[in-house]
K.L.:
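Sharing a structure with you now.
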Amino acid sequence: VAAQTVTEGDAATKPADPTKSGYVFKGWTLAGTAYDFDTAVTADITLKAKWAALINEIDIGGVTMPVVGATPVNSATTSTPGVVIDTTNTRWVRYVAGETSYNAVYADSTLVAETPFRAGELFFLDIMMRPQDGYVIASDAEIRYKGTVLPAIDLTDLSKSSALVVPDGSMAYAYIRGELTYTVTFDTDGGSAVAAQTVTEGDTATKPTDPTKSGYAFDGWTLSGAPYNFDTAVTADITLKANWKEKPATAYTVTFDANG
């Protein structure tokens, strides 16, 4: 930027903003303070450009997913330099189906915060992110959750995970769709132990290796007395019980040798 010669008492003319790769120009400063170009010049001065490093991508993790009956945990982390999670304004919200207004869709945050997660409803973790001093978030920054880029908010379908950057780069939001999980417990009825499984709502449990029990043959898993189909979607905590059939006694032959 070219220097200016200014008559005493006049003001300097604000020049065109300079550019710097990877940065956003944030104005001119004098001795660390923002400079007002209406100020009369009464001495030789040097104005210094203020720059903010441009953040082009943000990685999010550390989200504690909902568990039916559990109290919401408003947890999220980022490993991206220059960005912090605004924990005060990060919270679980309940999705309101059929709404197309951004504010109306992610509603009921007070109820979510005060009560356990409920089955049959969709929840989102509303994450607010802010740049630290000396940084600004690019308007087209990629916001990733567990390595996957979140799409921009689509007002025609707000039931999916998405992200939004405020145009001036002063904050960004991520809306992470909650995955309710359930516990599938295996009661082996005296047989060898089988580990419980945590299953995302709507997914299926994995059929475990058959347990064993002395004197019995394993005959499948049951739920409430009926054979269980492992292609069934899990929508609640369930306990599967092993069904056993008693093995017939093994017969042996006892031979007598009278000749000694």
Side-chain angles (χ1 to χ4, degrees), residues 60-77 91-98 108-109 111-125 127 144-148 150 157 159-161 175-260:
I60 298 171
V63 175
T64 300
M65 280 295 170
V67 176
V68 172
T71 302
V73 177
N74 301 338
S75 65
T77 60
R91 77 277 192 203
W92 283 98
V93 294
R94 182 175 66 91
Y95 172 74
V96 181
D108 199 15
S109 59
L111 183 59
V112 174
E114 294 179 352
T115 63
F117 288 110
R118 305 175 294 285
E121 296 197 38
L122 181 57
F123 300 92
F124 283 79
L125 183 60
I127 304 170
R144 297 189 291 254
Y145 174 60
K146 295 198 297 188
T148 299
L150 297 174
D157 184 4
S159 65
K160 301 175 182 177
S161 294
Y175 304 95
I176 307 300
R177 177 171 170 148
E179 298 175 343
L180 290 171
T181 58
Y182 298 98
T183 300
V184 178
T185 304
F186 297 90
D187 177 2
T188 61
D189 191 22
S192 57
V194 173
Q197 298 179 15
T198 299
V199 181
T200 300
E201 184 175 35
D203 287 350
T204 59
T206 301
K207 188 178 184 299
T209 301
D210 292 348
T212 58
K213 184 178 180 180
S214 180
Y216 292 84
F218 179 69
D219 193 36
W221 295 101
T222 63
L223 178 63
S224 300
Y228 185 72
N229 182 355
F230 279 90
D231 290 329
T232 304
V234 175
T235 57
D237 291 335
I238 58 175
T239 296
L240 302 182
K241 188 171 183 177
N243 191 45
W244 300 99
K245 285 186 176 179
E246 189 172 3
K247 293 179 180 179
T250 302
Y252 297 94
T253 300
V254 178
T255 303
F256 298 90
D257 183 358
N259 292 323

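FYI, side chains are in, hydrogens and waters are out, and symmetry mates aren't considered; it's all heavy atoms of this structure. The shown structure was predicted, so the numbers you read here are calculated from the model rather than taken from an experiment.
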K.L.:
Using modelled atom types only, decide if a donor and an acceptor are shared between the side chain of Arg177 and the backbone of Ser159 within a distance under 3.5 Å.
P.N.:
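Side chain of Arg177 to backbone of Ser159, a donor-acceptor pair under 3.5 Å: yes, one is there.
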K.L.:
Using side-chain heavy atoms (C-beta onward) and a distance below 4.5 Å, is Ile176 in contact with Leu150?
P.N.:
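The answer is yes; the side chains approach within 4.5 Å.
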K.L.:
What residues, two or more places apart in sequence or in another chain, satisfy side-chain hydrogen bond (donor to acceptor under 3.5 Å, both in side chains) together with Thr64?
P.N.:
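Only Ser75 meet the side-chain hydrogen bond (donor to acceptor under 3.5 Å, both in side chains) criterion with Thr64.
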K.L.:
The criterion is side-chain hydrogen bond (donor to acceptor under 3.5 Å, both in side chains); which residues satisfy it with Asp187, sequence neighbours excluded?
P.N.:
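With sequence neighbours excluded, Asp187 shows a side-chain hydrogen bond (donor to acceptor under 3.5 Å, both in side chains) to no residue whatsoever.
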K.L.:
Run the side-chain hydrogen bond (donor to acceptor under 3.5 Å, both in side chains) test against Lys247 and tell me which residues pass, sequence neighbours left out.
P.N.:
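Result, side-chain hydrogen bond (donor to acceptor under 3.5 Å, both in side chains) vs Lys247: none returned.
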K.L.:
On a heavy-atom basis, which atom in Leu180 and which in Pro66 lie closest, and how many Å separate them?
P.N.:
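So the minimum-distance heavy-atom pair works out to CD2-CB, 3.3 Å.
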K.L.:
Can you sort out the partners of Tyr228 under ring pair (Phe, Tyr, Trp, His ring centres under 6.0 Å), two or more places apart, ordered by chain and number?
P.N.:
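Scan of Tyr228 (ring pair (Phe, Tyr, Trp, His ring centres under 6.0 Å), adjacent residues dropped) gives Phe230.
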K.L.:
Could you give the distance from NZ (Lys241) to OG1 (Thr185), rounded to the nearest 0.5 Å?
P.N.:
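Lys241 NZ to Thr185 OG1: 14.0 Å, rounded to 0.5 Å.
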K.L.:
Please check: side-chain N/O of Thr77 versus main-chain N/O of Gly61, any donor-acceptor pairing under 3.5 Å?
P.N.:
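Checked: pair present.
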K.L.:
Tell me the side chain to side chain donor-acceptor pair (under 3.5 Å) pairs involving residues 214-224, sequence neighbours left out?
P.N.:
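Sorted pair list: Asp219-Asn243.
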K.L.:
At their closest point, which heavy atom of Ile127 faces which heavy atom of Ala76, and how far apart are they?
P.N.:
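That would be CD1-CB, 3.7 Å.
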K.L.:
Output side-chain donor-acceptor pairs under 3.5 Å for residues 194-204, partner residues at least two apart or in another chain, one line each.
P.N.:
{"from": "Gln197", "atom 1": "OE1", "to": "Thr206", "atom 2": "N", "distance (Å)": "2.8"}
{"from": "Gln197", "atom 1": "NE2", "to": "Thr206", "atom 2": "O", "distance (Å)": "2.6"}
{"from": "Glu201", "atom 1": "OE2", "to": "Tyr182", "atom 2": "OH", "distance (Å)": "3.1"}

K.L.:
For the ring pair Phe124 and Trp92, is the centre-to-centre distance below 6.0 Å?
P.N.:
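They do not qualify: ring centres at least 6.0 Å apart.
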K.L.:
With sequence neighbours excluded, what pairs up with Lys213 under the salt bridge (Lys or Arg N to Asp or Glu O under 4.0 Å) test?
P.N.:
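Per chain and number, Lys213 pairs via salt bridge (Lys or Arg N to Asp or Glu O under 4.0 Å) with no residue.
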K.L.:
Can any side-chain N or O of Trp244 pair as donor or acceptor with the backbone N or O of Gly215 at less than 3.5 Å?
P.N.:
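No, the answer is negative, given that no donor and acceptor are paired below the 3.5 Å cut-off.
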K.L.:
Under the rule for side chain to side chain contact (heavy atoms under 4.5 Å, CB included), what residues qualify as partners of Asn229, not counting sequence neighbours?
P.N.:
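Listed in chain order: Asp231, Thr232.
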K.L.:
Only counting residues at least two apart or in another chain, list the ones meeting salt bridge (Lys or Arg N to Asp or Glu O under 4.0 Å) with Asp189.
P.N.:
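By the salt bridge (Lys or Arg N to Asp or Glu O under 4.0 Å) rule, Asp189 matches no residue at all.
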